[in-house]
Amino acid sequence: MTDRDLARRRLERKRKLTGDLVAYVVVNAFLVGVWFFVGGGYFWPGWVLAGWGVALLLDAWNTLYRRPITEADIDREMRSGS
């Protein structure tokens with residue numbers, strides 16, 4: 001895979017993450033609105049916010065901070081011997 005292919009893949013993942021974040025905000029705002037207009041009480045949208053939020057954070061970590069393994073990484077690991 002070329003550097004250009006890797007860059008394209010990263011851009012596609014960043015755009016997907018942006019779309020996922022927008023969906024998270026819109027859907028959860030709707031759920032909180034439903035909760036509010038039916039009288040509040042137990043905050044059940046918190047379960048959706050928390051569960052989906054954790055998944056979104058893990059995806060963001062993989063998209064923004066995880067990088068592919070390079071030849072330099074492999075060489076360094078081979079030199080360390082552990």
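Here, residue 1 is the first one in the sequence, and each next residue gets the next number.
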Using a 6.0 Å cut-off, check whether atom [atom1] of [X] has over 12 heavy atoms from anything other than its own residue.
X	atom1	value
Phe30	CZ	no
Asp3	CG	no
Leu58	CG	yes

Just how far is it from atom [atom1] of [X] to atom [atom2] of [Y], taken to the nearest 0.5 Å?
X	Y	atom1	atom2	value
Lys14	Leu64	NZ	CG	6.5 Å
Leu6	Arg10	CG	CZ	6.0 Å
Leu56	Leu49	CG	CG	11.0 Å
Arg13	Arg9	CZ	CZ	8.0 Å

If hydrophobic clusters are built by linking Ile, Leu, Val, Met, Phe, Trp and Tyr wherever their side-chain heavy atoms come under 4.5 Å apart, do [X] and [Y] end up in the same one?
X	Y	value
Leu57	Trp61	no
Phe36	Val25	yes
Phe37	Val48	yes

| Judged by atom type as modelled, is there a donor-acceptor pair below 3.5 Å linking the side chain of Asp73 to the main-chain atoms of Thr70? |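 Confirmed, Asp73 side chain pairs with Thr70 backbone.
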| Quick one: do Asp20 and Lys16 make a salt bridge, cutoff under 4.0 Å? | yes
| task | Please list all pairs passing the side-chain hydrogen bond (donor to acceptor under 3.5 Å, both in side chains) test where one or both residues lie in residues 24-46, with sequence neighbours left out. | result |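 Qualifying pairs, neighbours excluded: Tyr42-Trp47.
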| Contact summary for Leu31 and Pro45, nearest pair of heavy atoms |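 Nearest pair, atom of Leu31 first, then Pro45: O-CG, 3.7 Å.
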